[in-house]
Amino acid sequence: MSNSLMSKLYKAARALTTRSVVIECDRIPFEFHQVPLRKILNWILVETSIFIKPEKPWGWPTHIMIEPTTLCNLRCALCPVSEGMNRHKGHMDFELFKKLIDEVKDYVFLILLWDWGEPFINPYIYDMISYAKDKGIKIISSTNGHVFAEEENAKKLVQSGIDTVIVALDGITQKTYERYRRSGDLETVLEGIRKIAAKKRALHSQIPLINLRFMAMKHNEHEIPELKKLAQSLEVDVLSIKTLNPHASDTYFENRAAKKEIYNVFVPKSAHFQRFKYVDNGKNRTYLRRDPPCKNLWNAPTIHWDGSVCPCTYDYNEMHTFGNLNKNSFKNIWFGVSYRKMRRQFRSDWSKIQLCCNCSYTYEGGSCNEAIADIVFLNKNHE
């Protein structure tokens, strides 16, 4: 019996005994207590099914990524939003969000409330967070931070009950910051972080956990030694350094010629901060010698702003939509024919799915937890 399976069995037994579950996301543990038995049993079934990969899932998803909007106030390099996605733009409707939450609330532990676009420009975003939190779901979101320079937005964020907010800060000078975060203003982001921290103090709140996220690239890696000092001055809870996925804006390899330029400009020199292990003098990523450790088809769908249900975040052009929540229930889509067909294909030969064979997960160093090169907990309460 593999160590991985033994570990899952131990966690399952502990969860049933204590009614508590710990789920790690981006190397940060999230604790759930007094969990209803139905939710625990579903989690156990889903985690067990990962070893079998059945075409009909054994349970409901335990995680969901929800895209509040495709609109953004920045034009970041390598982002599909900046380069132009082949689908309509818009904000998710609050009623559609509530419909989804009402259907999955008895099973889902974590919602990742972002995808492509700046989540906090959706006019209903704080209502969405509060609604899901009232149903016992923990919420993580990611932002470029500009909107929180307005004190009222920082206040609404803390009052919403959101568990974690990731603030992207990819440079400690305006020159390095704007190289990737085009149209962004560093001082506005810093002020936004300060406002969130101040509102936490004023409202005597332990949440949200503020995760200062620095994506290491060639033009900013020299600033990494100064990051901890900056993070401490901003009173954030966690500092995480993430590796760059240079293929994020071209999952389907539609523009291979552009890859060389991207590597030359953005991929850091330090191997520690490179996402992948390379061969051929750094020209090619190293394929895994085993099946990719992806669970998305069994535990974590992605829901786009218009209700389209997709396999994961990298399907930003909706090459594999399984249905739409405006026309069908999530249950019918999740257990339906289209989803089952892709699960069957993934199990039999994932390399024939273009979305999957070029995914970060199929290369050494490319899994979710490996993508975080370093993490520092600055607030002992959140270790």
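A quick note: this is a predicted structure, and the numbers were derived from the prediction, not measured. Sequence positions, counted from 1, serve as the residue numbers for this chain.
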Inset, instruction - Could you state whether Y363 and Y361 fall into the same hydrophobic cluster, counting links through intermediate Ile, Leu, Val, Met, Phe, Trp or Tyr residues with side-chain heavy atoms under 4.5 angstrom apart? - result: no
Legend entry - Non-hydrogen atoms of W116 and P80 that approach each other most closely: CZ3-CD, 3.3 Å
Inset, instruction - Taking atom types as modelled, find out whether H320 and E318 have a side-chain donor-acceptor pair closer than 3.5 angstrom. - result: no
Inset, instruction - Step through the shown structure and confirm whether more than 12 heavy atoms of other residues, nucleotides or ligands are within 6.0 Å of CZ on R14. - result: no
Inset, instruction - Return the set of residues passing ring-ring contact (aromatic ring centres under 6.0 Å, His included) with F330 (not counting sequence neighbours), or none when no residue passes. - result: W334
Inset, instruction - With sequence neighbours excluded, tell me which residues meet side-chain contact (heavy atoms from CB on, under 4.5 Å) with K195. - result: E151, A154, E191
Inset, instruction - Report the distance from atom CD1 of I172 to atom CZ of F214, rounding to the nearest 0.5 Å. - result: 7.0 Å
Inset, instruction - May I have the step-by-step check of ring pair (Phe, Tyr, Trp, His ring centres under 6.0 Å) for W60 and F335, ending in yes or no? - result: CA-CA 9 Å; W60 293 64; F335 294 98; 5.8 Å; yes
Inset, instruction - Look at atom NZ of K135 and say whether more than 12 heavy atoms of other residues, nucleotides or ligands are closer to it than 6.0 Å. - result: yes
Inset, instruction - Walk me through it: do W298 and F346 pass the test ring pair (Phe, Tyr, Trp, His ring centres under 6.0 Å)? - result: CA-CA 11 Å; W298 290 271; F346 187 95; 5.8 Å; yes
Inset, instruction - Tell me, yes or no, whether the heavy-atom count around K99 atom NZ, taken from other residues, nucleotides or ligands under 6.0 Å, exceeds 12. - result: yes
Legend entry - Nearest-0.5 Å distance, CE of residue M92 to CD1 of residue I125: 9.5 Å
Legend entry - Side-chain donor-acceptor pair present, N332, S329, cut-off under 3.5 Å: yes
Inset, instruction - Answer yes or no: does atom CZ of F94 have more than 12 heavy-atom neighbours from other residues, nucleotides or ligands under 6.0 Å? - result: yes
Legend entry - Geometric cation-pi criterion, K105 with Y107: 6.0 Å, 45°: no
Legend entry - Distance-only side-chain donor-acceptor flag, H33 / S20, under 3.5 Å: yes
Inset, instruction - Say whether T69 and N122, considering side chains only, have a donor N or O and an acceptor N or O under 3.5 Å apart. - result: no
Legend entry - By side-chain contact (heavy atoms from CB on, under 4.5 Å) - contacts of V147 (at least two apart): F120, I121, N153
Legend entry - R213 and its salt bridge (Lys or Arg N to Asp or Glu O under 4.0 Å) partner, picked from D26, D374, D170: D26
Inset, instruction - Using a strict 4.0 Å threshold on nitrogen-to-oxygen distance, state whether K200 and E235 make a salt bridge. - result: no
Inset, instruction - List the steps, then state whether salt bridge (Lys or Arg N to Asp or Glu O under 4.0 Å) holds for E67 with R87. - result: CA-CA 13 Å; E67 178 183 79; R87 59 185 171 100; 2.8 Å; yes
Inset, instruction - For the pair F276 and Y278, name the ring-plane relationship: parallel under 30°, tilted 30 to 60°, perpendicular over 60°. - result: perpendicular
Legend entry - Contact summary for A12 and W43, nearest pair of heavy atoms: CA-CZ3, 4.3 Å
Legend entry - Heavy-atom closest contact (Y339 atom, C310 atom, distance): OH-O, 3.6 Å
Legend entry - Polar side chain donor-acceptor pair, D306 to H304, under 3.5 angstrom: no
Legend entry - Separation between CD1 of I129 and CZ of F97, rounded to the nearest 0.5 Å: 8.0 Å
Legend entry - Ring-face cation contact, Y131 with K133, 6.0 Å cut, 45° max: no
Legend entry - Cationic tip of K138 above F109 ring, under 6.0 Å, 45° of axis: no
Inset, instruction - Starting from the C-alpha separation in whole Å, work towards a yes-or-no answer on side-chain contact (heavy atoms from CB on, under 4.5 Å) for I66 and L112. - result: CA-CA 6 Å; I66 299 177; L112 283 65; over 6 Å; no
Inset, instruction - Give a yes or no on whether a salt bridge exists between R27 and E370, defined as a side-chain N under 4.0 angstrom from a carboxylate O. - result: no
Legend entry - NZ/NE/NH1/NH2 to OD/OE distance under 4.0 Å, R75 and E118: no
Legend entry - Side-chain donor-acceptor pair present, N245, S360, cut-off under 3.5 Å: no
Legend entry - Exercise: do E223 and T176 side chains pair donor with acceptor under 3.5 Å: yes
Legend entry - Stepwise salt bridge (Lys or Arg N to Asp or Glu O under 4.0 Å) test for K199 and E152: CA-CA 10 Å; K199 285 301 173 185; E152 185 61 22; over 6 Å; no
Inset, instruction - Begin from the C-alpha positions of T143 and L157 and carry the test side-chain contact (heavy atoms from CB on, under 4.5 Å) through to its verdict. - result: CA-CA 12 Å; T143 176; L157 179 75; over 6 Å; no
Legend entry - Which atom of R275 lies closest to which atom of A371, heavy atoms considered: NH2-CB, 3.5 Å
Inset, instruction - Over all heavy atoms of both residues, which pair between T362 and Y287 is shortest? Give the atoms and the distance, please. - result: O-CD2, 3.4 Å
Legend entry - Salt-bridge present (E55, R343; N to O < 4.0 Å): no
Legend entry - Contact summary for T243 and A373, nearest pair of heavy atoms: CG2-CB, 4.0 Å
